[in-house]
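Note that the numbering runs from 1 along the sequence shown for the chain. Numbering of ligands and ligand atoms starts at 1, following listing order.
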Amino acid sequence: MHQPSLPHLHDQDPDIAGLVEAEARRQYEKIRLIASENYVSPAVLEATGSVLTNKYSEGYAGRRYYEGQQNVDPIELLAIERAKALFGVEHANVQPYSGSPANLAVYMAFLDPGDKVMGLSLPMGGHLTHGWSVSATGKWFTPVRYDVRADTGRVDMDQVRDLALKERPKLIWCGGTAIPRTIDFPAFAEIAREAGAVLAADIAHIAGLIAGGAHPSPVGHAEVISTTTHKTLRGPRGAMVMSTAEHAKAIDKAVFPGLQGGPHDHTTAAIAVALKEAAQPEFADYASQIVANARALADALLERGYDLVSGGTDNHLILIDLTNKGVAGKPAAQALDRAGIELNYNAVPFDPRKPFDPSGLRLGTSSITTRGLTEQQMPQLAAWIDEVVQATAKDDEAVLARIADQVRELLAGYPMPGWAPTP
Ligand SMILES: *Cc1c(COP(=O)(O)O)cnc(C)c1O
């Protein structure tokens, strides 16, 4: 049963209700390793599904363009105060609809069309919005891209410095979507200072680790910090842009009226709830357990001969290069999905294969950590992954159903926030 339960939805729209329940069961029965996903708490679900969705509140607290903000203003102010306290920042804007619009707001605040922006290239682990060619950010601005080193799989800081001093971008992004290693914020800050660029840290993936003390913070190094709220931070689909006091006005103006209309107040409330949860001592345990699980899983995969980009992980994320296993990423990901293990195929640095059919797999341990799995289960998980990858190479479907059963059996011992099977 869904928590909160969905009696009206079942009555009025059984088609959608059935699909929502089916999705909940799918999330319950699968080992979810998609690095950007999580399970939010029932409290976050309740706030997200509340009557706040009925409200319009363009503007900011005390300066709205619509009346009736008696409750929305304090909600947004609480979310802002909690973000500032949790991350130790001077300013927080909690209105961006999601990570991509939040990043666009950073461009809007600091760049004019055509200005140079520097970011980690997409196939190396960067995000689309850091100036990749198909993104508005790569079409409307002039991208300069840095890479990871072929020998270490880590960001090439010498190249970052050389490029920054040669190209003089106005904005430098650090962070990305497929980076298994600690981001060296002080080194980026030094380079940005030398180059006269604004440094923006995109911590979408690692915000929960930073909040929980399991990854160094960019605060004091990057003057602008953007993040989603739904990945390791374990809140609703949403985003924030945080900054020093100096940039507060520019950021706020860029989000509204620069890019957006009314903020999603139900999301703002859910962000406030998630930030409160992230300030509890248990959240630090969760954050360090995410990293412990990722390390244990990486070790178990290495033992089985898997080639991990950068040789391992410092955070929640592991990037496997399957080349030495004679299987491509996509068929392996699809077979794993049939075996109850959900992740995504991903390009690896210097991937000789095409982006839609790349050589790698990306996985993350935040969801399974929320579920309560620990280092103890990681060797078993690596064994299942290995069995499926080998089965993919041999086209052996029978193994997959058996593993899916075993996965279901294991997960029945680990409750899922937001849904439970009806007894
Ligand atoms: C997920 C992510 C985003 C975009 O977030 P959306 O909410 O999907 O738009 C931006 N930057 C990074 C680094 C991300 O990982």
S.K.: Should the ring pair Phe356 and Tyr345 be called parallel, tilted or perpendicular, given that the plane angle runs from 0 to 90° and is split at 30 and 60?
M.R.: perpendicular
S.K.: Starting from atom 3 (C) of ligand 1, locate the nearest protein heavy atom and write down its residue, its atom name and how far away it is, to 0.1 Å.
M.R.: His127 NE2, 3.2 Å
S.K.: Quick one: which ligand 1 atoms are inside 4.0 Å of a heavy atom on Asn103?
M.R.: 10 (C), 11 (N)
S.K.: Charged N to carboxylate O under 4.0 angstrom, Lys325 versus Asp307?
M.R.: no
S.K.: Which class fits the ring pair Trp173 and His130: parallel under 30°, tilted 30 to 60°, perpendicular over 60°?
M.R.: parallel
S.K.: Can you pull out the closest protein heavy atom to atom 7 (O) of ligand 1? Residue, atom name and distance to 0.1 Å, please.
M.R.: Ser98 OG, 2.4 Å
S.K.: Going by the order shown, which atoms of ligand 1 are within less than 4.0 Å of some heavy atom of Gly176?
M.R.: 13 (C)
S.K.: Checking Glu375 against Gln289: is there a side-chain donor and acceptor pair closer than 3.5 Å?
M.R.: yes
S.K.: Does a side-chain N-to-carboxylate-O contact under 4.0 Å join Arg234 and Glu277?
M.R.: no
S.K.: What atoms of ligand 1 come closer than 4.0 angstrom to any heavy atom of His205?
M.R.: 15 (O)
S.K.: Do NZ/NE/NH1/NH2 and the carboxylate oxygens of Arg181 and Asp314 come within less than 4.0 Å?
M.R.: yes
S.K.: Would you please indicate if the ring centroids of His205 and His316 are separated by under 6.0 Å?
M.R.: yes
S.K.: Taking only heavy atoms of His230, which atoms of ligand 1 are found under 4.0 Å from at least one of them?
M.R.: 7 (O)
S.K.: Would you check the N or O atoms of Thr228, main chain and side chain alike, for any that come under 3.5 Å of an N or O of ligand 1?
M.R.: no
S.K.: Could you tell me whether Arg237 approaches ligand 1 through its side chain, its backbone, both or neither, with non-hydrogen atoms closer than 4.0 Å?
M.R.: neither
S.K.: Identify, by atom number and element, the atoms of ligand 1 in contact range of Ser100, meaning under 4.0 Å from any of its heavy atoms.
M.R.: 4 (C), 5 (O), 6 (P), 9 (O)
S.K.: Is the closest heavy-atom distance from Gly175 to ligand 1 below 4.0 Å?
M.R.: no
S.K.: For atom 15 (O) of ligand 1, what's the nearest protein heavy atom and its distance?
M.R.: Lys231 NZ, 2.7 Å
S.K.: Sequence neighbours excluded, which residues qualify as ring-ring contact (aromatic ring centres under 6.0 Å, His included) partners of Tyr414?
M.R.: none
S.K.: Is it the side chain, the backbone, both or neither of Ala204 that has a heavy atom closer than 4.0 Å to ligand 1?
M.R.: side chain
S.K.: What are the atoms of ligand 1, with element, lying closer than 4.0 Å to any heavy atom of Gly99?
M.R.: 4 (C), 5 (O), 6 (P), 7 (O), 9 (O)
S.K.: Can you pull out the closest protein heavy atom to atom 12 (C) of ligand 1? Residue, atom name and distance to 0.1 Å, please.
M.R.: Asp202 OD2, 3.3 Å
S.K.: So does Arg353 have more than 12 non-hydrogen atoms from other groups sitting under 6.0 Å from CZ?
M.R.: yes
